[in-house]
**Student:** 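Next up is a structure, given as structure tokens.
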Amino acid sequence: MQDLIQDVFVNIFSNDHLSVFHDSATLSPPNGPLAFTTDSYVIRPLFFPGGDIGSLAVHGTINDLAMSGAWPYYLSAGFILEEGLELTTLQRVAHSMAKAARTCGVQIVCGDTKVVDRGKGDQIFINTAGIGVIPTNINIRPDHIEPEDRIIISGDLGSHGIAVLSVREGLSFSGNISSDSAPLHEVIADLLNAGVSIHCLRDLTRGGLASALNELAQASKTQLTIEESKIPISDSVRGACEILGLDPLYVANEGRFVMFLPAKEVDRALTVLRKHHIAHGSVDIGEVQQLHSAQHNYPVILQTLIGTSRILDLLSGEQLPRIC
Amino acid sequence: MKYIDEFRHADSVKRLAETIHTITQHTWTIMEVCGGQTHTIVRYGLDRLLPSAIEVIHGPGCPVCVTPIHMIDAACQIAKIPDVILCSFGDMLRVPGSEEDLLGVKAQGGDVRMMYSPLDAVALAHAHPDRHIVCFAVGFETTAPAQAMAVLQAHEKQLTNFSVLVAHVLVPPAMEAILDSSSNRVQGFLAAGHVCTIMGYEAYEPIAKRYQVPIVVTGFEPVDILEGVYMVIQQLETARHEVENQYTRSVQRSGNLEAQRVVNKVFETSDRIWRGIGELPHSGLILRESYRDYDAMQRFGHLMKSKNSHHTDDSECQSGLVLQGQLKPSECAAFGTQCTPDHPLGAPMVSSEGACAAYYRYRK
């Protein structure tokens with residue numbers, strides 16, 4: 001085990017914190033409020049178009065930090081490995097994590113590895129925790145969402161979920177859909193540096209846009225109304241969803257976020273967002289409204305393509321492809 | 001996206017709705033047969049664009065909703081047999097049997113896999129000669145050709161580790177049962193476009209004539225549905241009762257002859273129990289004698305507990321009335337209270353084509 005840790009993780013993640021082989025990393029106190037988060041990554045297949053479990057475990061936790069406006073500094077990495085996992089597979093994942101961390105300017109400063117019996121895991125599970133620093137006077141959180149705020153999403157939806165599904169299930173879709181997995185901290189930092197007043201951010205991971213909006217509407221005790229015609233979805237993702245009977249608004253993303261901000265900030269925000277290749281498809285999709293009474297008030301309303309409106313609800317469990 | 005955008009076009013929808021308002025002089029009740037159409041109607045609120053004189057009621061065309069409870073129980077039991085891999089369409093997995101659903105069996109360690117095509121199950125059997133692959137063959141005429149093709153491929157490859165649990169049902173007998181009912185209110189049908197893509201619509205012509213009811217083969221997008229409604233209302237207002245085809249981009253009168261040939265080679269019709277409705281004569285498919293070796297019930301019946309054919313849905317569940325168009329989901333006392341997608345009393349609350357699921361998801 002010690003050899004494995006040295007040969008794979010310490011060598012590949014290579015930094016001063018890991019090389020001391022201590023039980024914990026020693027970090028200098030940062031200048032500003034801390035953001036601290038953790039997430040676990042379980043995905044099959046491990047490698048998919050546009051990413052892998054390693055890059056995902058770095059981007060996902062960085063994005064959770066970025067959603068509170070934080071700049072990420074340190075990650076921990078916990079690995080649960082299934083007995084029999086090929087060493088080359090683990091090395092490939094570790095190299096991908098190291099590259100993603102390097103690109104994002106974060107260090108993986110501590111970690112842990114456990115091996116479970118064959119059949120008790122699914123090759124590799126990864127947990128990463130992250131520490132970031134929030135700039136002074138930035139307070140981005142769900143209960144800061146206000147009536148009349150506008151709702152912006154940072155690009156087209158669903159490509160991560162469909163890319164993973166298509167590889168996992170051996171589905172062949174034309175258009176080669178690739179995951180949108182990407183770190184979001186730089187674009188958020190640019191928004192903050194430009195002085196854009198952001199009330200709330202949420203990355204649109206599992207459960208997609210619809211689930212995120214429902215959670216935020218409930219947390220902020222508001223009603224959200226969005227326009228279906230404004231929501232960008234690529235033809236490849238739309239086609240795949242039509243075939244499988246899936247609603248792209250519930251499909252997972254790993255490099256997209258929703259932002260709530262005052263209407264007067266929208267133009268400036270879109271200008272900043274559209275300079276980044278990972279957010280150049282940003283659009284204003286709707287508005288926050290006052291919740292008038294608890295009865296007959298649904299958290300999220302979708303104005304459909306044909307001009308009618310309906311509830312956009314939370315789903316019970318995963319979406320399942322339909323029969324025909 | 002071609003064939004999608006133009007059929008979800010707001011102006012076209014508006015124009016059609018206005019035209020329907022213009023031609024409607026009397027009160028009419030029409031039924032859409034297919035659960036996919038039900039979802040389009042509820043999802044887009046199409047019924048609310050129609051004149052109040054037109055009532056749209058929802059039909060029995062949710063394939064997993066009408067799969068009898070004893071077949072789901074059989075699938076669950078088969079999935080628990082060691083070395084069996086049970087392959088099922090995704091939206092069957094959450095449909096409750098008398099005690100459990102297939103996702104529950106999977107959570108207990110049963111090897112239940114979601115398939116996208118029955119041919120995937122054949123490939124699985126070929127790749128795993130040490131396992132037995134059972135394909136849960138559910139659906140209307142639409143999915144029958146792929147199931148039949150799977151049996152033919154398994155036969156051709158001489159696979160001895162592949163079988164099918166057949167629960168296929170047919171649409172025309174269900175429409176006749178609705179029309180024969182003493183409580184029937186249906187005056188016109190939107191027939192299911194995908195079923196007719198396979199089978200054509202000749203079989204509906206004697207029904208239209210005998211029951212004097214217009215039948216319009218209809219697609220699944222908002223413009224399709226409203227155009228189908230328009231064609232039915234136009235017939236009703238002019239006292240006609242013919243079979244017409246709105247879904248011309250997919251359906252021909254004689255259907256897909258090759259698909260029909262494959263289905264007829266493998267399957268024959270049989271009486272079938274429909275969940276919530278009861279037994280309907282000649283309303284299901286079973287394997288022909290020459291392919292009975294692929295019958296999962298024949299292969300595993302001796303390993304299963306006594307059949308649960310007498311199990312019925314929870315007494316609070318009125319899905320039988322919903323499936324026959326006699327009750328709107330929101331009129332059911334259990335809707336949204338005792339019965340939700342997390343705790344369904346009946347299949348229509350969990351199926352992606354179920355009427356109760358559509359009302360819960362889009363309207364509550």
Side-chain angles (χ1 to χ4, degrees), chain A residues 44 119-120 156 165-166 168-175 210-211 214 227-229 231-250 295-324, chain B residues 1-5 8-14 17 34-36 39 42-46 48-49 62-64 88-94 103 114-117 120 123 138-140 142-143 146 192 194-195 221-223 226 340-344 349-353 357 360-364:
Chain A
R44 191 163 46 86
K120 302 290 183 192
D156 62 326
L165 182 74
S166 63
R168 183 172 64 218
E169 306 296 342
L171 307 171
S172 48
F173 295 120
S174 61
S211 304
N214 272 278
E227 290 181 57
E228 190 172 18
S229 62
I231 301 170
I233 296 160
S234 73
D235 276 359
S236 306
V237 169
R238 277 182 77 192
C241 287
E242 290 292 336
I243 290 168
L244 298 170
L246 304 177
D247 186 337
L249 301 187
Y250 295 90
Q295 211 175 16
H296 301 305
N297 240 323
Y298 302 106
V300 187
I301 301 294
L302 181 81
Q303 306 274 8
T304 72
L305 293 173
I306 66 163
T308 53
S309 62
R310 68 169 170 90
I311 302 168
L312 187 65
D313 201 8
L314 276 176
L315 278 192
S316 168
E318 297 273 328
Q319 289 196 96
L320 297 174
R322 70 173 172 226
I323 187 166
C324 64
Chain B
M1 184 179 288
K2 196 164 166 55
Y3 299 122
I4 297 286
D5 293 336
R8 294 180 188 171
H9 196 266
D11 290 344
S12 306
V13 166
K14 193 165 169 246
C34 176
H39 270 252
V42 182
R43 180 187 178 109
Y44 289 98
L46 298 178
R48 293 170 173 170
L49 300 178
C62 162
V64 306
S88 168
F89 289 118
D91 51 359
M92 196 72 218
L93 300 179
R94 270 201 282 263
L103 274 186
M114 191 162 59
M115 66 175 174
Y116 295 86
S117 160
D120 294 343
V138 173
F140 287 99
T142 323
T143 47
H194 289 157
V195 167
E221 298 300 331
V223 168
L226 288 183
T340 65
D342 285 330
H343 300 285
M349 184 52 97
V350 280
S351 165
S352 59
E353 293 189 61
Y360 190 87
R361 184 167 169 186
Y362 302 126
R363 289 191 179 163
K364 291 215 173 133

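Throughout, protein chains are lettered first and strands after them, A, B, ... in sequence-line order, and every chain is numbered starting at 1. Small disclaimer: the values here were computed from a predicted structure and weren't measured.
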**Student:** Do A/R238 and B/D5 make a side-chain contact, defined as non-hydrogen atoms from C-beta onward lying under 4.5 Å apart?
**Tutor:** yes
**Student:** Taking side chain as everything from C-beta outward and backbone as N, CA, C, O, which of these in B/Y360 sits under 4.5 Å from a heavy atom of chain A? Side chain, backbone, both or neither.
**Tutor:** both
**Student:** To check you understand the geometry: which heavy-atom pair defines the closest contact between B/R361 and A/D247, and what is its length?
**Tutor:** NH2-OD2, 3.5 Å
**Student:** Roughly how far, to the nearest 0.5 Å, is the CG atom of B/D120 from the CG atom of A/L171?
**Tutor:** 8.0 Å
**Student:** What's the spacing between A/S309 OG and B/R48 CZ if we round to 0.5 Å?
**Tutor:** 8.0 Å
**Student:** Select one option (side chain, backbone, both, neither) describing which atoms of B/K14 are under 4.5 Å from chain A's heavy atoms.
**Tutor:** neither
**Student:** Might you point out which heavy atoms bring A/L320 and B/G90 nearest each other, and give the distance in Å?
**Tutor:** CD1-O, 3.1 Å
**Student:** Top residue by heavy-atom pair count (under 4.5 Å) with chain B, among A/E318, A/R310, A/E242?
**Tutor:** A/R310
**Student:** For the interface with chain A, which of B/E353, B/R94, B/H9, B/H39 has the highest count of heavy-atom pairs at distances below 4.5 Å?
**Tutor:** B/R94
**Student:** Counting C-beta onward and ignoring hydrogens, is there a side-chain heavy-atom pair between B/L49 and A/I306 closer than 4.5 Å?
**Tutor:** yes
**Student:** For a quick test of reading the model, state the closest non-hydrogen atom pair linking B/M114 to A/P321 and the distance between them.
**Tutor:** SD-CD, 3.4 Å
**Student:** Given heavy-atom pairs under 4.5 angstrom as the criterion, report whether the side chain, backbone, both or neither of B/V42 touches chain A.
**Tutor:** neither
**Student:** Looking at side-chain heavy atoms only, is the closest gap between A/L244 and B/Y116 below 4.5 Å?
**Tutor:** yes
**Student:** Based on non-hydrogen pairs under 4.5 Å, which of A/L302, A/L312, A/D313 is most in contact with chain B?
**Tutor:** A/D313
**Student:** Please state whether the side chain, the backbone, both or neither of A/L315 comes within less than 4.5 Å of a heavy atom of chain B.
**Tutor:** side chain
**Student:** Who wins among B/L93, B/V64, B/I4 for the most heavy-atom pairs under 4.5 Å with chain A?
**Tutor:** B/I4
**Student:** Any chance you could measure B/R43, atom CZ, to A/T304, atom OG1, to the nearest 0.5 Å?
**Tutor:** 9.0 Å
**Student:** Tell me whether the count of non-hydrogen atoms from other residues, nucleotides or ligands lying under 6.0 Å of CZ in A/R44 goes above 12.
**Tutor:** no
**Student:** Which heavy atom of B/R363 sits nearest a heavy atom of A/Y298, and at what distance?
**Tutor:** O-OH, 3.6 Å
